[in-house]
Amino acid sequence: MTELIRTAIPGLLAWYRVNKREMPWRDTPDFWKVWVSEIMLQQTQVETVRPYFTEFISKFPDVHSLARAEEQEVLKAWEGLGYYTRARNLQKAARKVSAEMNGQLPKSFSRLLDLPGLGPYSAAAIASIVFKEPVPAVDGNVLRVFTRLTELGDDISRPQTRTLVFGILSDVISGFPPGDFNQAMMELGAIVCKPRQPDCPVCPLNRICASHKNGTQLRFPVKKKAAVKPHHLIGVGICMREGKVLIAKRHEKQMLAGLWEFPGGKIENGETEEECILREMREETGLTVELVRKIAKTDHAFTHFSITLNAWLCNWVSGEAQPLSGSEIRWILPEELDDYPFPKANKVIIKEFRSAVK
DNA sequence: AATCCGGGGCA
DNA sequence: TGCCCAGGATT
């Protein structure tokens with residue numbers, strides 16, 4: 001099988017040279033740009049990453065500048081991109097490289113794996129693109145291309161399957177330019193061998209593709225069905241006191257760590273939105289508040305659950321604000337909201353809040 | 001090996 | 001609106 005695939009690789013590389021998309025991190029000798037882009041590209045599509053990447057590189061043009069930065073500044077630059085531990089791990093790794101490795105990245109796949117935030121995919125991508133090490137970068141695109149090519153019916157969510165594909169592609173890659181091979185496979189998955197509407201007539205691998213021959217493209221890749229996501233109703237209080245608004249910072253170990261939010265929480269069984277917010281404000285901040293009016297309702301989907309946020313404007317009544325749930329709590333001016341990193345779900349709330357207090 | 005972390009595209 | 005997509009860390 002390895003040999004059959006190898007016969008088609010020159011055609012794949014020729015296709016790549018002609019069809020590859022322009023990207024600001026592509027074909028650069030700067031390892032920092034490749035590294036940052038590979039972290040941003042985890043779970044995230046090219047077009048989403050593009051504007052974030054440009055902005056991030058202008059703020060943090062090299063590994064040392066990110067190492068020196070405040071974590072809050074890094075999270076602010078990442079705001080809206082999601083998976084915020086990526087940003088925190090990238091900075092941890094940048095600090096290590098800056099302080100302990102003389103600003104140089106480890107030059108092998110296996111040692112890259114030791115840096116926080118670099119797993120098998122990202123380490124292979126960097127090792128192959130920057131250091132020309134012949135190691136396959138197996139991402140979701142590559143798994144789709146490979147399982148269709150070979151009609152491999154193993155569940156791609158299993159680590160075993162990834163190990164199998166990694167092993168076969170390790171043989172396939174030898175003798176070809178490793179960075180181009182990996183990027184060509186991923187680019188093919190992204191723009192031709194797409195999940196729903198594969199464009200087989202223009203595919204450089206169609207001559208050897210089992211799925212194309214048998215019309216089974218949409219059966220691959222095989223993966224086990226995701227569990228049904230629970231849905232939660234959330235009450236959120238935007239509390240005002242003397243023109244200032246109350247925000248809380250989330251704990252280090254929590255989901256969305258280091259980001260800020262308005263106090264709130266799950267609406268319990270038998271509880272109204274209003275009761276929930278009064279209770280949550282007391283539990284999370286120690287404050288007694290009065291509700292003014294509802295200003296926003298917004299849905300948000302996380303990986304394993306979804307939420308509906310119900311946001312109410314409130315007035316402070318009594319008590320001193322304490323960080324009972326998060327790591328910090330602050331009264332800030334509405335115009336200062338821009339200085340703090342918030343999770344995406346808060347965008348609508350902040351927008352409605354601005355028009356409400358205007 | 002199984003589970004936990006966002007958020008966007010598309011039908 | 002519901003379904004699909006998907007690397008790394010943690011346990």
Side-chain angles (χ1 to χ4, degrees), chain A residues 35-52 75 78-93 109 112-127 135-148 154-166 182 185-186 189-191 193-199 217-232 250-259 261 297-309 341-348:
Chain A
W35 182 8
V36 169
S37 72
E38 288 303 340
I39 302 303
M40 288 189 169
L41 287 164
Q42 292 168 3
Q43 316 286 92
T44 312
Q45 298 186 350
V46 168
E47 294 315 312
T48 306
V49 165
R50 226 180 257 281
Y52 281 93
L75 287 173
W78 210 269
E79 183 182 47
L81 198 53
Y83 273 106
Y84 301 93
T85 53
R86 293 184 298 176
R88 291 153 51 85
N89 281 334
L90 176 59
Q91 189 181 32
K92 266 186 218 156
F109 169 66
L112 284 165
L113 282 173
D114 293 335
L115 290 172
L118 294 186
Y121 162 72
S122 311
I126 294 170
V135 58
V138 183
D139 74 344
N141 289 308
V142 172
L143 284 169
R144 187 169 55 255
V145 170
F146 186 89
T147 54
R148 285 176 176 168
D154 298 14
D155 181 349
I156 61 162
S157 60
R158 293 164 59 89
Q160 273 187 21
T161 310
R162 295 176 185 245
T163 305
L164 174 69
V165 174
F166 181 90
N182 283 329
M185 289 286 282
M186 292 190 276
I191 66 181
C193 196
K194 295 173 287 185
R196 290 180 229 242
Q197 290 170 4
D199 197 1
Q217 296 89 332
L218 298 187
R219 289 196 220 164
F220 299 95
V222 171
K223 68 180 87 171
K224 73 162 184 283
K225 283 252 187 295
V228 180
K229 292 193 275 191
H231 185 82
H232 300 302
R250 294 177 64 85
H251 270 305
E252 284 302 291
K253 300 282 179 188
Q254 270 182 310
M255 161 184 164
L256 305 171
L259 277 76
E261 64 183 3
K297 175 176 188 289
T298 178
D299 292 316
H300 191 73
F302 292 88
T303 312
H304 288 79
F305 63 97
S306 56
I307 56 175
T308 299
L309 291 175
F342 280 83
K344 193 95 173 175
N346 284 268
K347 271 275 183 290
V348 173

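Residue numbers begin at 1 in each chain, while the letters A, B, ... track the order of the sequences.
The pair R86(A)-E38(A) fails the salt-bridge criterion, with no side-chain N (NZ, NE, NH1 or NH2) lying under 4.0 Å from an Asp/Glu carboxylate O.
Straight-line distance from the CD atom of E252(A) to the C1' atom of dA9(C): 15 Å, rounded to whole Å. Atom OH of Y83(A) and atom P of dC5(C) are 15 Å apart (whole Å). Taking atom CD of Q45(A) as the reference point, atom C1' of dG7(C) lies 14 Å away to the nearest angstrom. Taking atom OH on Y52(A) and atom P on dG7(B), their separation rounds to 9 Å, with Å as the unit. If you take CZ of R86(A) and P of dA6(C), they are 14 Å apart, rounded to a whole angstrom. Rounded to whole Å, atom P of dG8(B) lies 14 Å from atom CH2 of W78(A). Between R219(A) atom CZ and dC4(C) atom P the separation is 17 Å, expressed in whole Å. Here the P atom of nucleotide dA1(B) and the CZ atom of R162(A) are 12 Å apart, to the nearest Å.
With P as the reference atom, dA6(C) and dA11(B) are 15 Å apart, rounded to whole Å. Using C1' as the reference atom, dC5(B) and dC5(C) are 15 Å apart when rounded to the nearest Å.
Contact annotation for L41(A): no contact, since no heavy-atom pair falls under 4.0 Å across all strands. In this structure, Q197(A) reaches the sugar-phosphate backbone alone: every heavy-atom distance under 4.0 Å involves primed, P, OP1 or OP2 atoms, never a base. When heavy atoms are screened at a 4.0 angstrom cut-off, T85(A) is found touching no nucleic acid atom at all. Using a 4.0 Å heavy-atom distance criterion, R196(A) is classed as a base contact. Within 4.0 Å of E47(A), counting heavy atoms only, lies no atom of the nucleic acid at all. Across all strands shown, L143(A) has no heavy atoms under 4.0 Å from either base or sugar-phosphate atoms. R144(A) comes within 4.0 angstrom of sugar-phosphate atoms only, judged by non-hydrogen atoms across all strands, and of no base. Using a 4.0 Å heavy-atom cutoff across all strands shown, P343(A) reaches no nucleic acid atom at all. Contacts of N89(A) with the nucleic acid, taken as non-hydrogen atoms under 4.0 Å apart, involve only primed sugar atoms and P, OP1 or OP2. The residue D155(A) sits apart from the nucleic acid: no heavy atom pair falls under 4.0 Å.
Side-chain atoms of F166(A) and V135(A), non-hydrogen and from C-beta on, do get closer than 4.5 Å to each other. Side-chain contact between K347(A) and E79(A) is present, with heavy atoms from C-beta onward closer than 4.5 Å.
Taking 4.0 angstrom as the limit, Q42(A) places none of its side-chain polar atoms (N or O) nearer than this to OP1 or OP2 of dA6(C). For K344(A), a side-chain nitrogen or oxygen approaches OP1 or OP2 of dG8(B) to under 4.0 Å. For the pair K194(A) and dC4(C), the criterion of a side-chain N or O lying under 4.0 Å from OP1 or OP2 is not met.
Nearest-nucleotide positions on DNA chain B place K224(A) closer to the 5' end than the other of K224(A) and T44(A). If A257(A) and P159(A) are placed on DNA chain B by their nearest nucleotide, the residue sitting closer to the 5' end is P159(A).
Taking a 6.0 Å sphere around NZ of K194(A), one finds it holds more than 12 heavy atoms contributed by other residues, nucleotides or ligands.
Centroid-to-centroid, the aromatic rings of H232(A) and F305(A) come within less than 6.0 Å.
When distances are taken from the side chain of Q43(A) to each of dA1(B), dG8(B), dA6(C), the shortest belongs to dA6(C).
Between atom CH2 of residue W35(A) and atom CG of residue L115(A) there is a gap of 5.5 Å, rounded to the nearest 0.5 Å.
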